[in-house]
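Below: one structure, written as structure tokens.
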Amino acid sequence: MTEYGNPVTYGLKWLYLLLIVCLLMSPVFYVMYISFNENGFGARHYVFTLDWYKVIFTDRQMLTALSWTMKLSIATMLITIPLSLLAAKYYKTTRHKVLTVFLLLSPLFVSSDIMGSALLVFFKNLNGVFTFVGDKYSILWLQSWFELGFTTALIGLIIYTIPYAFIVILITMGRYRQQQTEAARACGATGWQAFTDIEFPQIRPGVFSACAFTIILAFNEYTRTNLLKGGFDTFTTVLVSEMLNTGMSEQSYAMSSLVSFIAIAIIGTIIIVTLLKSDSIAQRERVKAEPGSNES
Amino acid sequence: MSNVPPAVETRDLSKHYGQVRALQNVSVNIAAGEYFVLLGPSGGGKTTLLRTIGGFHRPTTGSVLLHGNDVSRLPPDKRPTSMVFQSYALFPHMTVLGNVSYGLSLTKMPKDQIQEKAKTMLEMVGLTGYEDRKPHELSGGQQQRVQLARSLVLDRDILLLDEPLAALDAQLRKDMCLELKHLQEQVGITFIHVTHNQEEAMTVADRIALIADGNLIEQGSARDIYERPKHRFTASFVGENNLMDGTLLTVSGDDAVVDIAGVKLMAKTEGQSFTAGDAVSISIRSELVKTDASSLSGSVEGHCIIGTFREAVYLGLTTSFRLTLDNSNEIQARFVTGQSAQQFSPGDRVSLHWQPGDTRLHAAQTKTHTP
């Protein structure tokens, strides 16, 4: 709050923000609430229990799906972030900014169903071509390149997450002045050294945010993953499949809640640590910066 | 003649951006240990020339030689140059000491030696005690000193300064100008300084090069550029010169007669090639023009021309009289305030006179200078 701010208005703004967050998160809170009910969803009597959380670690199907999801999310992040970083760096230097942005953001303008089906058809055809070539020339290792599976799901998720990661990185990069890179080069740094020593430390928050964002997006994605995954299951495909066929099991509520708890805890910790760290660093720097404070 | 190659040499250097000709066949030699200033209007190409010397631009044609070695295709980190930027370009996530020692940390130098050198350099620029500050905790002048220290600590023999004082206030700029000059004398390396401020250029420069429209117009010592401009553009850009357009009537050897507003004035061609009938300009510095009541015009020595008084502009140390000649050319006479008791009213006819030797003759259009 500024010195001239009204405390009541200031409080109301925070209350409004809190209400919005609660409204957005209420379905998640409801799932968490159900996950602690011994009688499960829709039961008349609520009996608190932690048993469903014990059960999830014995549900092989759910654990396998979670493991695949994590592998897919991390692989997506590992590929999407460098590509987005390169794209953002290219955007800063190119004269064709509108075209670059259009190309990079174009996956956002296509609905997930259409993009997923288009990729499905594309990969099936591509796989047909590779299989044909492999058969014809007896190159066996060509035959399974584009069979539906981890690789195709990964490509689908990379196409999906690149626009978001690109925007998040670009926002942070917008504050970076290119002259600092030139100054580093003038000091004798190579292009890579100038990037790692000078530019990256300044855009690191954006890159890390993009990493977290990409993992969350890939973790939560259903349509593209479901169409392109082939034989394995992910966390969301298992949940949706359960809901459509038999209804969600109690341990599924527990698993969903556990994942949400972990995500909220990680993001909350990052925010709190960042705030506390920047505050304490600023304080420490102010103390150190007093002329004479470093003289014995 | 010495066989030592110049510290910096550009040969027919051109830089084009599509249709834009940022530099056109610029050739210049800068000796080791010289304080060389690139002076000119904004957008003239002086920063492009500096950045091409530093390796931040690749020349379209021509070459850059540093100490006789062609470095035209080398990146900045492979050249014996360092650079000071207009907008400071300090690394905000590093302390002052971190900034100054960054370049050394890229070498194999031991850490304690790096710290010692960086601290010595900070002492040289008057920033002892500020080692642990972050750039945002420093004033503009202090940030510029950190930049200087960061560049000088590298012991490179050519320092490029891109409008280093442009972001500072007027008084600080004056102080820093002298500091830069003294610093250059102390370290003895070549400084190439870009500015559009002629006072700044004249304070620091051993030699000045005028750059405009991508061309090197003229180069010489500060005194030559100010007192004996060869080109019309130089006369219009440096100092407060009166430029009067006219026609060359006769040329005989080094002597020329020019018709300005119906008055015949003598001027020296100083080796320039003219023929009778050429459109020419003469320039005369405003502080060399004396004024008198027009009734006294017959009794004054030297060139004399009659004009109409418009206004007096008080500038503190000096006062300028603004007058108009009969051919609509404007002319100014400047004198130290308080040293003239003359009072004129707008519309008064005034006699303007000066010594013939103070007149400079120029071609009406500036020619591209390619030494």
Side-chain angles (χ1 to χ4, degrees), chain A residues 89 92-97 99 169 171-209 273-274 277-296, chain B residues 17-18 51 54-57 74-107 109 119 127-138 142 146-147 150-156 158-162:
Chain A
K89 277 189 78 69
K92 291 266 286 184
T93 53
T94 185
R95 284 185 293 157
H96 310 292
K97 292 196 190 305
L99 181 67
I169 292 173
I171 288 167
T172 323
M173 220 179 235
R175 292 199 296 267
Y176 178 75
R177 286 186 297 128
Q178 201 55 34
Q179 272 199 337
Q180 289 176 30
T181 297
E182 292 185 346
R185 298 299 302 272
C187 285
T190 60
W192 177 249
Q193 285 171 326
F195 175 73
T196 53
D197 297 344
I198 307 301
E199 186 171 3
F200 187 74
Q202 294 181 61
I203 61 166
R204 191 163 38 205
V207 175
F208 284 176
S209 305
V273 168
T274 307
K277 205 175 162 190
S278 61
D279 198 38
S280 76
I281 286 173
Q283 273 183 14
R284 214 166 46 235
E285 293 300 335
R286 275 196 291 276
V287 171
K288 267 169 53 179
E290 291 301 322
S293 65
N294 57 345
E295 290 165 14
S296 53
Chain B
Y17 299 99
R51 290 172 63 82
F56 297 103
H57 294 320
L74 289 183
D77 51 296
K78 299 279 185 284
R79 298 188 184 203
T81 54
S82 55
M83 186 146 171
V84 168
F85 296 84
Q86 180 182 349
S87 58
Y88 312 137
L90 295 178
F91 310 134
H93 59 297
M94 292 183 185
T95 61
V96 166
L97 190 65
N99 267 278
V100 176
S101 52
Y102 176 68
L104 296 176
S105 70
L106 298 165
T107 65
M109 193 179 280
K119 284 182 177 171
L127 283 178
T128 302
Y130 290 82
E131 291 86 350
D132 294 325
R133 287 205 183 191
K134 285 281 179 70
H136 71 269
E137 293 168 323
L138 302 175
Q142 288 168 335
V146 176
Q147 253 212 110
R150 183 175 68 183
S151 300
L152 292 172
V153 78
L154 301 170
D155 287 334
R156 305 262 172 88
I158 300 160
L159 179 64
L160 311 172
L161 303 109
D162 184 10

Please flag which part of B:S87 lies under 4.5 Å from any non-hydrogen atom of chain A: side chain, backbone, both or neither.
-> both
Is there a side-chain contact (heavy atoms from CB on, under 4.5 Å) between B:F91 and A:D197 once you walk through the steps?
-> CA-CA 10 Å; B:F91 310 134; A:D197 297 344; over 6 Å; no
Is there a donor-acceptor pair closer than 3.5 Å between any side-chain N or O of B:R150 and the backbone N or O of A:A183?
-> no
Quick one: what part of B:R51 sits under 4.5 Å from any heavy atom of chain A, side chain, backbone, both or neither?
-> side chain
Out of B:M83, B:Q86, B:R156, which one racks up the most heavy-atom pairs below 4.5 Å with chain A?
-> B:R156
Measure distances from A:R177 to the heavy atoms of chain B and classify the residue's part below 4.5 Å as side chain, backbone, both or neither.
-> side chain
In terms of heavy-atom proximity below 4.5 Å to chain B, should A:E182 be classed as side chain, backbone, both, or neither?
-> both
For B:L90, is it the side chain, the backbone, both, or neither that has a heavy atom closer than 4.5 Å to a heavy atom of chain A?
-> backbone
CD of A:Q180 to CZ of B:F85: how many Å apart, nearest 0.5 Å?
-> 10.0 Å
Euclidean distance, B:K78 NZ relative to A:R185 CZ, rounded to 0.5 Å | 7.5 Å
Chain B shares the most heavy-atom pairs under 4.5 Å, among A:T190, A:I198, A:T181, with A:I198
Nearest-0.5 Å distance, CD of residue A:Q193 to OH of residue B:Y102 | 5.5 Å
Greatest number of heavy atom pairs closer than 4.5 Å to chain A - which of B:L104, B:V153, B:L106, B:V96 = B:L106
